[in-house]
Number of protein chains: 2
Amino acid sequence: MRDAYHEELDALTDKLVEMTRLVRSAISRATTALLDADLHLAETVISQDEEVDRLFAEIETSIFDLMARQQPVAVDLRMIITALRMGTDLERMGDLAQHVAKVARLRHPDSAVPPELRATILEMGQIAERLVTKTGGCIATRNVESALELEQDDDAMDRLHRRLFKILLDSGWKHGVEPAIDVTLIGRYYERYADHAVRVARDVVYLVTGSRPHELVADA
Amino acid sequence: MRDAYHEELDALTDKLVEMTRLVRSAISRATTALLDADLHLAETVISQDEEVDRLFAEIETSIFDLMARQQPVAVDLRMIITALRMGTDLERMGDLAQHVAKVARLRHPDSAVPPELRATILEMGQIAERLVTKTGGCIATRNVESALELEQDDDAMDRLHRRLFKILLDSGWKHGVEPAIDVTLIGRYYERYADHAVRVARDVVYLVTGSRPHELVADA
């Protein structure tokens, strides 16, 4: 049986995994709200970001408490430090999903996404979900190999982001400036969401190995 | 005389202040590079971001080292944890200055900023500099009052950000989609730069008082 101290550390992991579930659900609903101009769905994303913030506040409190009482060392110390960083990134991913939902709300009853961009945005949303699902798995299982793969998965998001600008700058673009601004920001939100998922995965690598991913790749 | 342990903690503070100096210089040069379409200056910002990254890597190494060897508690523990967070935010501010410089480089020999937006962007750059200067002062002196003021200073950035969108969406806008995209992203970079400066200031408040700024304000 685990002692109380290690149970608290395990609880930290569980809460981080729960954060990945919440921010995955948020980006999924935000994407649908955006594409379907679904005001109600957008509102749920906006209001439920509080849950993500509350969970992160709990994680922060546990961490400061654990550090003050237990003076953790070695891998436990790495766990606590990386949990704080992972929580910070996941909290930000919640904010970014909320930003997407706010654009949906702002343009309701219209959709902020013109028809020729729907497929690209849908795919960005799907990749964002896939990344965060994988990140959650990495946190739960401490799978380094899977965590290292996330960097490549993120390349798909960067490709979509470039495709989006290509469509915006095409001479056939006839929606004017306002939708271009919306889509520029939306694209940035998805791209940053993915970047934060990759950072969390990098912290899993550091947690397990004590090395940064670039050090492992340089060694390989 | 301070012992070696506390000298190491002081060195952390010095390095964080040095990071604020570097990212202040970076955003200052990036703004000039953008407005003057100065390719050489843009290149210096882009290449010198490595210095910011290196300094942050040093801070991270010291922190992990201090935690492993010293098992810090109470205010020292808060110092170490907040130093890690502040370093993360400052490193990101360096990236954002670099992003601004990259837009300048991309559009060279043209300027990415149409004439009617120059004054707004210039002011955003000035406020960014003022915020980070103040943040650096807060880190060095641990001045809570000054740190709490930064939230208001950031409101000025938000106002400029809104003015920027107003100009972009004005019927008189005749520069088309590409400059609108550039300016949307540039505006976002300045706004995020300011947000990170405010986060660092909040961490100073937490470091000194053990309370979050919103708790202090609620108490007032």
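Chain letters run A, B, ... following the sequence lines, proteins first, then strands; residues in each count from 1.
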Colleague: Using 0.5 Å steps for rounding, measure from the CZ atom of A:Arg192 to the CZ atom of B:Arg188.
Modeller: 9.5 Å

Colleague: What part of A:Leu168 is in contact with chain B, defined as an atom under 4.5 angstrom from a non-hydrogen atom: side chain, backbone, both or neither?
Modeller: both

Colleague: Quick check: are there more than 12 heavy atoms from other residues, nucleotides or ligands sitting under 6.0 Å from CD of B:Glu151?
Modeller: yes

Colleague: Which bit of A:Arg85 is near chain B, if near means a heavy-atom gap under 4.5 Å: side chain, backbone, both or neither?
Modeller: side chain

Colleague: Show me the pairs that pass side-chain hydrogen bond (donor to acceptor under 3.5 Å, both in side chains) and involve residues 104-121 of chain B, at least two apart or across chains.
Modeller: B:Glu43-B:Arg105, B:Arg107-B:Glu178, B:Arg107-B:Asp182, B:Glu116-B:His175, B:Thr120-B:Arg163

Colleague: Return the minimal non-hydrogen interatomic distance between A:Val177 and B:Ala180, and the atom names on each side.
Modeller: CG1-CB, 3.8 Å

Colleague: Need one label for A:Ile181: side chain, backbone, both or neither, based on atoms under 4.5 Å from any heavy atom in chain B.
Modeller: both

Colleague: Can you tell me how far CD1 of B:Ile81 sits from CD1 of A:Ile63, rounded to the nearest 0.5 angstrom?
Modeller: 7.5 Å

Colleague: Checking heavy atoms, do the side chain of B:Gln70, its backbone, both or neither come under 4.5 Å from chain A?
Modeller: neither

Colleague: May I ask you to test the B:Thr184-A:Leu185 pair for a side-chain heavy-atom distance under 4.5 Å?
Modeller: yes

